[in-house]
Amino acid sequence: WHIVTFYLLAVIAFSRELVWGWVETFQVASAVFWIYNSLHLCWALLEVWASYPGIHLTGTEVCGSVFVIVARFLLLVHQSLYLLWALSSSSTTYLGNEGSPTFWWWQYIWLSQLVMLPYYIEMLIQLFPPLGAKIYLSQSEYVQAFLNVFYPLSRLYVGKEVQESLSHTSVYVVFWASLMVWKLFFSYVFEVYSMVLPSLQLTDDYLNYPGQSFAKMLLLLGMRWLPQFIVYLIDMSIWYAAWQAFAGTSVGLSDHLGDVRSFEDIRHTFGKAPENFCKKMLSPDAGSRRGSSASFLGASDNELSEKTSLLQADGKLHNYVNRLLDVRIQKWVMFSAAWNEIIDHFRNEDIISNAESDNLKFSQFDGFSQAIYLPVFQTAGVIDNVLSELERPSDEYRDPRTGSFSDDNFFEPINIHITMQTAVAEIWELGSYFFLQVFGQVHSDDINAMTLLISKWFEGGQATSKMKLEATRKVFADFVGAIQLLHKGMKKRKAKSKSRA
């Protein structure tokens, strides 16, 4: 590709500087077909020398390779003759055939189309990947014979059934087409055209001054053009890196990657992570028997969607306690395992501290009702928001005409907020466990009876009439104080001494 395009750019540059007509320009540029054939012939010879000794070839494949080499060599010979005759200045007779330069040039063009036919077919396959898969997997003997002759290495291709959709292919075509157009334009201006005038001056010195060495002129021309050609070969990788950065930035902006404006955005995005993780990493029937309707990845359209609630909460504290995760708990469990592995890797690499690791990881507690509990950073500080909602002005939830209100009206801001629901569920369960452990077995029945009574109030929609929820912050402050007291006391505790027996 680089040799062919470099030649075409050089032809355009010399045509512009020497003021060629379009006929002369096309005739000189048509030598690109000769270059294509000669390069492919060299590639076929290298392929026979380097690849074929190490693989087993059938008789048809050997005959196909020999046919390609011989046919391309004969076509190259005729191309060379036709192009040479086409560049002559007058009509002459060659091999008993008389014709003008235009006649021989058209003979060269038609013959070159036969040389270029495999490239046209390959370009069509690249533009329509499903067509390529159909050809490579065809059981037709004629198609396989065609592949053995023109694409002998196609038998070694893997993933023949893997192809992109036409919509994705069009995006790739736009990416590479824009990249190559810019690369050719830049190279023409700064690498090719800038060398035309010095080259013409060197050639002019050789032609107009006696005693000049032809070999010296070629050496000087080579020394001038070689660095430019080397830069032309490698700058494609530079422009590719720049284009990849532009494309990545545009994709990131369209997908809102890293679009986090606040900590609330982080929590909201993290809540959608399990759904996206399972869609990308797991098959559609993961977590269920193949073909079963219980596939948790296929349950995204039911009423218990991820957007509705992580808890499947219906506003009742009883449901908060008993169901932290919805019917798709498997997705959260699988995601939590992968997430914790990532956090452990960060800790092993000393990217984060122990405290940060504890705040970022999912938690599991033996004997508790839920399989996993969300990371601390996801629910930290949310209870303060819940308390603020409970203390909001009464005119926000009371009926303006009657002044009455229900539990649904009072708890509405909490019911529609996933993270608040999760935080309330964790506080309720962990708080119940805390009181059972602190008061011991003597008062366990009292604690259970109290939690059951409160659960019934919430379940029956009587919480606002039975409890003064606006004063919850004072109760919660005492609860936090008790936990802090125990936490301070843990540092003073001494390990139990081991028995010498």
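All values below were derived from every heavy atom in this structure, side-chain atoms included, with hydrogens, water molecules and symmetry-related copies excluded.
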(request) For Y142, look at atom OH and say whether over 12 heavy atoms of other residues, nucleotides or ligands are found less than 6.0 Å away. (result) no
(request) Anything under 30° is parallel, anything over 60° is perpendicular, the rest tilted; go ahead and classify W182 against F185. (result) tilted
(request) Check whether any side-chain heavy atom of V231 lies under 4.5 Å from a side-chain heavy atom of F190, and answer yes or no. (result) no
(message) More than 12 heavy atoms of other residues, nucleotides or ligands under 6.0 Å from NE2 of H78: yes or no?
(response) no
(request) Taking all heavy atoms of N359 and all of P375, pick out the closest pair and write down the distance. (result) O-CB, 3.6 Å
(request) Say whether, by atom type as modelled, one donor and one acceptor occur between the side chain of E24 and the main chain of G21 under 3.5 angstrom. (result) yes
(message) Could you tell me if the side chain of V28 sits less than 4.5 Å from the side chain of F14, heavy atoms only?
(response) no
(request) Might you point out which heavy atoms bring V189 and Y193 nearest each other, and give the distance in Å? (result) O-CB, 4.3 Å
(request) Using a strict 4.0 Å threshold on nitrogen-to-oxygen distance, state whether D358 and K361 make a salt bridge. (result) no
(request) May I have the step-by-step check of side chain to side chain donor-acceptor pair (under 3.5 Å) for S112 and Q79, ending in yes or no? (result) CA-CA 7 Å; S112 298; Q79 279 183 300; 2.9 Å; yes
(request) Report the distance from atom OH of Y119 to atom CG of L117, rounding to the nearest 0.5 Å. (result) 11.5 Å
(request) State, to 0.1 Å, how close P413 and M420 come at their nearest heavy-atom pair, and which atoms those are. (result) O-SD, 4.0 Å
(message) I want to check something: taking the side chain as every heavy atom from C-beta on, are T5 and M180 in contact at a cut-off of under 4.5 Å?
(response) no
(message) Could you report the tightest heavy-atom contact between L374 and Q378, atom names first, then the distance?
(response) CD1-CG, 4.0 Å
(request) Can you measure from CD1 (I230) to NE2 (H2) and round to the nearest 0.5 angstrom? (result) 13.0 Å
(request) Find the distance between CG (N37) and NE2 (H40) and round it off to the nearest 0.5 Å. (result) 8.5 Å
(message) Just verifying a value: how many Å separate Y373 OH and S336 OG, rounded to the nearest 0.5 Å?
(response) 13.0 Å
(request) Taking the side chain as every heavy atom from C-beta outward, state whether L197 and Q201 have any atom pair closer than 4.5 Å. (result) yes
(request) Taking all heavy atoms of I69 and all of L41, pick out the closest pair and write down the distance. (result) O-CD1, 3.6 Å
(request) Taking S357 for its side chain and S353 for its backbone only, find out whether a donor-acceptor pair lies under 3.5 Å. (result) no
(request) Report yes if the side chains of M236 and L179 come closer than 4.5 Å at any heavy-atom pair, otherwise no. (result) yes
(request) Work out which heavy atom in L83 is nearest to a heavy atom in A31; give both atom names and the distance. (result) CD2-CB, 3.8 Å
(request) With rounding to the nearest 0.5 Å, note down the distance linking CZ in F335 to CG in N340. (result) 9.0 Å
(message) In this structure, is the centre-to-centre distance between the rings of W34 and Y7 below 6.0 Å?
(response) no
(request) Find out whether V4 and Y36 are in side-chain contact, i.e. whether some heavy atom of one side chain is under 4.5 Å from a heavy atom of the other. (result) yes
(message) Other residues, nucleotides and ligands only: do more than 12 of their heavy atoms fall within 6.0 Å of CD1 on I3?
(response) no
(message) So, taking the atom named CH2 in W22 and the one named CD in Q27, what distance separates them when rounded to the nearest 0.5 Å?
(response) 9.5 Å
(message) Consider side-chain contact (heavy atoms from CB on, under 4.5 Å). Of Y240, W243, W239, which one does K183 pass it with?
(response) W239
(message) Are the side chains of Y82 and I109 in contact, using a 4.5 Å heavy-atom criterion?
(response) no
